[in-house]
Amino acid sequence: MAVEGTTTLVGVAAVLGLVLGSFANVVIARVPAGASIVRPASACPACAAPIRPRDNVPVLSWVVLRGRCRACGWRIPSRYPLVELASAGLLALIAWRIGWSPELPAYLLFAWTLLVLSVIDLDHKRIPNRLTYPLTPVLAVLLVAAGLAGGDPGQALRALLGGVVAFAVLLALALINPRGMGLGDVKLAAFLGLGLGFLGWDHLVLGLFAAFLLGGLVAVALLALRRRGRRDEIPFGPWLAAGSLVAVLLGEPLIAAYLGATGLG
Ligand SMILES: [Zn+2]
């Protein structure tokens, strides 16, 4: 692919990420509360003043308003622009990594969903079925279509098998240790298994390995620092998401380095 083509694509993905990041804030706030994500229009949680379009520009409005509601001065949490920036950064990285290809829409959805589910899991210690149930089949359809469009039915099949295998592995772990992992994590595993399986079994293994490594290291560090008691639940969803994104974005060089170091390559 031409370099200018890549730059344009990454820029478009970043702008799309800002807009979808704004929508992510709506989903993160409303879905766990069981509220509609389309109605009513956004309003200030403190004074209920409707948010005008010019005050609803991702990141910029927050900066211009100095993080306060125009009507009542309520402090808008910095998490709103941070989620928008994270969404823009993630979608730009995905566009850079995947490029113009039939699977690009699937991986933009993949990254956006993992961001949203991670924040909700950190907030509420659960991963809502209201998101995994509709988005998992959508991802499956996008990936199967991409595999077929790319002339590789095997890749489409591997995506589906990846979803089943990841689901089965985490279900087994959840049955062995119900306190360590919830069924929300198991359903999330089906979602990320689709995206990782499409890229290859090595990516699926790497994604799950990275999730347990990152989650385990942080849990040990928090215990050592006595920031958390042994019985406090540390959500696992964000680590599954982080491991998966590492595998998608850095899988090729990491797997090549591993094969080279072990003499398997
Ligand atoms: Zn207000």
Side-chain angles (χ1 to χ4, degrees), residues 10-95 105 108-136 138-139 182 184-185 187-188 191 218 222 227-228 232-242 245:
V10 169
V12 170
V15 173
L16 179 68
L18 281 175
V19 175
L20 290 179
S22 193
F23 180 57
N25 280 317
V26 174
V27 172
I28 288 165
R30 294 189 184 182
V31 166
S36 162
I37 53 173
V38 285
R39 269 171 235 268
S42 294
C44 169
C47 72
I51 295 170
R52 292 180 259 185
R54 66 164 168 160
D55 291 341
N56 210 6
V57 181
V59 183
L60 269 183
S61 290
W62 189 85
V63 173
V64 168
L65 292 167
R66 295 170 197 273
R68 290 188 177 278
C69 167
R70 189 185 287 279
C72 73
W74 176 70
R75 186 172 281 285
I76 305 162
S78 54
R79 199 177 75 192
Y80 285 77
L82 288 178
V83 164
E84 288 160 357
L85 284 174
S87 172
L90 273 178
L91 266 55
L93 283 171
I94 289 287
L108 295 175
L109 173 72
F110 187 76
W112 182 86
T113 303
L114 292 182
L115 172 66
V116 167
L117 292 179
S118 294
V119 178
I120 291 177
D121 198 15
L122 286 170
D123 275 357
H124 301 279
K125 305 252 168 68
R126 69 189 180 88
I127 295 170
N129 293 337
R130 236 182 108 196
L131 290 173
T132 48
Y133 283 2
L135 292 176
T136 303
V138 169
L139 182 69
D185 297 320
K187 292 164 195 162
L188 172 60
F191 179 86
V218 170
L222 287 175
R227 294 284 302 275
R228 300 241 181 190
D232 284 350
E233 203 183 330
I234 301 170
F236 191 53
W239 303 114
L240 282 171
L245 290 169

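Computed from heavy atoms alone, side chains included, the values below leave out hydrogens, waters and symmetry copies. Each ligand, and each atom within it, is numbered from 1 in the order the structure gives. The chain is numbered in sequence order, starting from 1. For clarity, every value in this text was computed on a predicted model and none was experimentally measured.
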Trainee: What residue among L20, L114, L135 forms side-chain contact (heavy atoms from CB on, under 4.5 Å) with L109?
Mentor: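 Passing option: L135.
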
Trainee: Would you mind reporting whether V59 and L85 have side-chain heavy atoms less than 4.5 Å apart?
Mentor: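 A side-chain contact under 4.5 Å exists here.
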
Trainee: Mind listing the side-chain donor-acceptor pairs of residues 39-58 below 3.5 Å, one per line with the distance, residues two or more places apart or on another chain?
Mentor:
residue, atom, partner, partner atom, Å
D55, OD1, R70, NE, 3.3
D55, OD1, R70, NH2, 2.8
D55, OD2, R70, NE, 2.8

Trainee: Quick one: pull up CZ in F191 and CG in L131 and give me the separation to the nearest 0.5 Å.
Mentor: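 F191 atom CZ to L131 atom CG measures 9.5 Å (nearest 0.5 Å).
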
Trainee: Measuring from W62:CH2 to R68:CZ, what's the distance to the nearest 0.5 Å?
Mentor: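 Rounded to the nearest 0.5 Å, the CH2-CZ separation comes to 10.5 Å.
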
Trainee: May I ask you to list the protein N, O or S atoms found at less than 2.8 Å from the Zn ion (ligand 1)?
Mentor: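 As for protein N, O or S atoms lying under 2.8 Å from the Zn ion (ligand 1), they are C44 SG, C47 SG, C69 SG, C72 SG.
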
Trainee: Roughly how far, to the nearest 0.5 Å, is OH of Y80 from CG of N25?
Mentor: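 These two atoms lie 6.0 Å from each other.
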
